[in-house]
*Asks:* 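Below you will find the structure I want to go over with you.
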Amino acid sequence: MRAYLDLCQRIVEQGSWVENSRTGKRCLTVINADLEYNVAANEFPMITTRKSFFKSAIAEFIGYIRGYDNAADFRKLGTKTWDANANLNDVWLNNIFRKGEDDMGRVYGVQGRNWAKPDGGSLDQLQKIVDNLSQGIDDRAEILTFYNPGEFHMGCLRPCMHTHNFSILDGTLYLTSYQRSCDVPLGLNFNQVQVFFFLAIMAQITGLKPGVAYHKIVNAHIYEDQLALMKDVQLKREPLPLPKLIINPDIKSLKDLETWVTMDDFSVEGYQCHDAIQYPFAV
Ligand SMILES: Nc1nc(=O)c2c([nH]1)NC[C@@H]1CN(c3ccc(C(=O)N[C@@H](CCC(=O)O)C(=O)O)cc3)CN21
Ligand SMILES: O=c1ccn([C@H]2C[C@H](O)[C@@H](COP(=O)(O)O)O2)c(=O)[nH]1
């Protein structure tokens, strides 16, 4: 995908160095990036300039859809992406709200499916959206937000891709997703796949046609220890044609996603890529 490489190039050429106290690593940073994915044409935005792992990215997102709060549940689905944040960050390890090994606390899906109401009880944001969209209703507030500042102290990480806003226009479903902070070499690889997947699967389970997914990023960065690999290896490569995402057509409801779906229900067709690059991960 040219747009991904253009963003990487922009960070390398125009980025400013920013200290980050949470990770102790500096980041080369730009502000504001807009990406678009054509879900209607099934142009699946898997990165081709290095080997990419779409199943981990989809597993992570299905974990959010299910409201998981535990890295072990994510591992069972097929991704280890939450192991480090749940178990290796000292601030979280010493947090009194941490419920033990693998606990992530009140992050992402917990907020999406089980938002605690001040008057007691909880709110299921995703179920409301699925119910509305299935009836062709867009109330101009079809918003799933994981961003709950009142509970940041009860989770291992503040959500990065924090808000997903659906729209219906002329019978077609659109998605606009907002991301406050983006690790471009590692996280964006996953986040592109997730934004595409979320629109594709929501269209499938609500009976709407998918349109375009818009991905809006605020702080886009490359960590200092990732920079050489980006500059000297990935940016020297030419992108290859995009593959297609194949989703099992038997997935017809939110219940299906919550109960029987596994990573065997997803495959890609026509994925060609350059060799793997292992970028360092900042905890
Ligand atoms: N610093 C940082 N960057 C992130 O992108 C990130 C976080 N932290 N914390 C929360 C989640 C976890 N995410 C992750 C975590 C690990 C990989 C990763 O290791 N990816 C490898 C291999 C993945 C695999 O084998 O499945 C890669 O090469 O893409 C990617 C995204 C995205 N998020
Ligand atoms: O989906 C995700 C989750 C996380 N990231 C990255 C962005 C940052 O590098 C870190 C989070 O650190 P903060 O200090 O909370 O901003 O994780 C991502 O790119 N995508």
Side-chain angles (χ1 to χ4, degrees), residues 22-23 46 51-116 122-127 130 144-148 150-162 164 177 179 181-183 185-195 197-198 201 205 247-248 251 253-267 276 278-283:
R22 194 183 65 77
T23 58
M46 246 177 110
K51 189 164 196 262
S52 203
F53 302 90
F54 81 102
K55 287 202 182 191
S56 310
I58 290 182
E60 189 178 79
F61 210 82
I62 291 180
Y64 301 157
I65 288 175
R66 291 184 176 174
Y68 285 172
D69 68 352
N70 194 286
D73 289 329
F74 280 84
R75 281 198 299 278
K76 274 184 234 145
L77 252 183
T79 185
K80 295 181 182 150
T81 47
W82 281 96
D83 289 6
N85 288 107
N87 297 317
L88 298 179
N89 182 287
D90 283 338
V91 175
W92 177 239
L93 291 179
N94 294 319
N95 186 307
I96 51 159
F97 290 103
R98 186 171 180 269
K99 298 194 295 280
E101 180 79 8
D102 285 323
D103 183 37
M104 297 156 57
R106 294 191 57 83
V107 295
Y108 286 87
V110 176
Q111 304 297 347
R113 306 303 309 273
N114 190 17
W115 181 286
S122 73
L123 199 77
D124 185 344
Q125 300 179 62
L126 185 59
Q127 185 71 59
V130 170
L144 173 70
T145 187
F146 301 140
Y147 206 75
N148 186 350
E151 293 193 347
F152 283 166
H153 63 293
M154 299 168 84
C156 67
L157 197 73
R158 298 160 303 172
C160 293
M161 206 154 70
H162 56 82
H164 302 277
S177 296
Q179 183 161 359
S181 173
C182 182
D183 175 345
L186 273 180
L188 187 51
N189 234 13
F190 276 41
N191 296 135
Q192 294 200 156
V193 163
Q194 291 169 341
V195 171
F197 166 73
F198 199 24
I201 199 71
I205 67 173
I247 302 178
N248 180 350
I251 304 174
S253 66
L254 185 52
K255 252 274 126 3
D256 291 341
L257 284 168
E258 287 164 357
T259 50
W260 56 263
V261 168
T262 70
M263 290 321 109
D264 296 339
D265 294 299
F266 307 97
S267 58
Q278 290 214 324
Y279 281 107
F281 178 79
V283 186

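Just the heavy atoms: all of them, side chains too, but no hydrogens, waters or symmetry mates, feed the values below. Numbers here are sequence positions counted from 1.
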*Asks:* Within the structure provided, determine whether Thr79 and Phe53 are in side-chain contact (heavy-atom separation under 4.5 Å).
*Replies:*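 No, their side chains stay 4.5 Å or more apart.
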*Asks:* Pick one: which of Tyr68, Trp82, Trp115 meets ring pair (Phe, Tyr, Trp, His ring centres under 6.0 Å) with Tyr108?
*Replies:*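 Option passing the ring pair (Phe, Tyr, Trp, His ring centres under 6.0 Å) with Tyr108: Trp82.
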*Asks:* From Ile251 CD1 over to Ile201 CD1, what is the distance, rounded to the nearest 0.5 angstrom?
*Replies:*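 Nearest 0.5 Å value for the CD1-CD1 distance: 4.5 Å.
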*Asks:* Residues in salt bridge (Lys or Arg N to Asp or Glu O under 4.0 Å) with Arg22, at least two apart?
*Replies:*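 Applying salt bridge (Lys or Arg N to Asp or Glu O under 4.0 Å) to Arg22 gives none.
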*Asks:* Can a donor-acceptor pair be found, under 3.5 Å and without considering hydrogens, that links the side chain of Asp256 to the backbone of Ser253?
*Replies:*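 Yes, because the side chain of Asp256 sits within donor-acceptor range (under 3.5 Å) of the backbone of Ser253.
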*Asks:* Are the side chains of Phe281 and Leu88 in touch, meaning some heavy atoms are under 4.5 Å apart?
*Replies:*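 Not in contact.
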*Asks:* Residues two or more places apart in sequence or in another chain: which of them pass side-chain contact (heavy atoms from CB on, under 4.5 Å) with Glu258?
*Replies:*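 side-chain contact (heavy atoms from CB on, under 4.5 Å) check on Glu258 returns Arg113, Leu254, Lys255.
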*Asks:* Which atoms form the tightest heavy-atom contact between Leu77 and Val261, and what is the distance?
*Replies:*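 Taking every non-hydrogen atom into account, CD2-O, 4.4 Å.
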*Asks:* CG of Asn114 to CG of Asp69: how many Å apart, nearest 0.5 Å?
*Replies:*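 The CG atom of Asn114 sits 9.0 Å away from the CG atom of Asp69.
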*Asks:* Pair Asn191, Gln179 - check side-chain contact (heavy atoms from CB on, under 4.5 Å), show working.
*Replies:* CA-CA 9 Å; Asn191 296 135; Gln179 183 161 359; 2.9 Å; yes
*Asks:* Are any non-hydrogen side-chain atoms of Thr145 and Gln111 less than 4.5 angstrom apart?
*Replies:*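 No; the side chains remain at least 4.5 Å from each other.
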*Asks:* Can you see which heavy atom on Glu151 is nearest to which on Ala116, and at what distance?
*Replies:*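 Here Glu151 and Ala116 meet closest at OE2-CB, 3.8 Å.
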*Asks:* Can you give me the closest heavy-atom contact between Glu101 and Asn70, atom names plus distance?
*Replies:*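 Scanning both residues completely, I find the closest heavy atoms to be O-ND2, 4.1 Å.
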*Asks:* Kindly indicate whether the side chain of Asn87, heavy atoms from C-beta on, has any atom under 4.5 Å from the side chain of Trp92.
*Replies:*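 No. Closest side-chain heavy atoms not under 4.5 Å.
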*Asks:* As an exercise, state the distance from CZ of Phe198 to CG of Leu144, rounded to the nearest 0.5 Å.
*Replies:*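 Going from CZ on Phe198 over to CG on Leu144, the span is 5.0 Å.
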*Asks:* Could you tell me which residues satisfy salt bridge (Lys or Arg N to Asp or Glu O under 4.0 Å) with Asp73, sequence neighbours excluded, listed by chain and number?
*Replies:*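 Counting only residues at least two positions away or on another chain, Asp73 forms a salt bridge (Lys or Arg N to Asp or Glu O under 4.0 Å) with Lys76.
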*Asks:* Walk me through whether Phe146 and Val110 qualify under side-chain contact (heavy atoms from CB on, under 4.5 Å).
*Replies:* CA-CA 8 Å; Phe146 301 140; Val110 176; over 6 Å; no
*Asks:* At their closest point, which heavy atom of Ser181 faces which heavy atom of Cys160, and how far apart are they?
*Replies:*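 What the structure gives for the nearest pair is O-CB, 3.5 Å.
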*Asks:* Rounded to the nearest 0.5 Å, what separates atom CG in Leu157 from atom CG in Asn85?
*Replies:*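 Here the interatomic distance stands at 5.0 Å.
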*Asks:* I'd like to check the salt bridge (Lys or Arg N to Asp or Glu O under 4.0 Å) partners of Asp102; sequence neighbours left out, ordered by chain and number.
*Replies:*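 Salt bridge (Lys or Arg N to Asp or Glu O under 4.0 Å) check on Asp102 returns Arg75.
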*Asks:* Could you work out, with side-chain contact (heavy atoms from CB on, under 4.5 Å) as the rule, every residue matching Phe152, not counting sequence neighbours?
*Replies:*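 Scan of Phe152 (side-chain contact (heavy atoms from CB on, under 4.5 Å), adjacent residues dropped) gives Tyr147, Pro149, Arg158, Pro159.
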*Asks:* Report the distance from atom CD of Gln192 to atom SG of Cys182, rounding to the nearest 0.5 Å.
*Replies:*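 It comes to 8.5 Å.
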*Asks:* Which atom names give the shortest non-hydrogen contact between Met263 and Ile58, and what distance separates them?
*Replies:*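 Minimum heavy-atom contact is SD-CG2, 4.1 Å.
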*Asks:* Between OH of Tyr64 and CD of Gln194, what distance do you get to the nearest 0.5 Å?
*Replies:*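 Here the rounded value is 5.5 Å.
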*Asks:* Decide if the gap between the ring center of His164 and the ring center of Phe61 is smaller than 6.0 angstrom.
*Replies:*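 His164 vs Phe61: aromatic centres under 6.0 Å.
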*Asks:* Applying salt bridge (Lys or Arg N to Asp or Glu O under 4.0 Å), can you list everything that pairs with Asp103, at least two apart in sequence or on another chain?
*Replies:*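 Listed in chain order: Lys99.
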*Asks:* Between Thr262 and Asp265, what is the shortest heavy-atom contact and its length?
*Replies:*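 So the two residues come closest at N-OD2, 2.9 Å.
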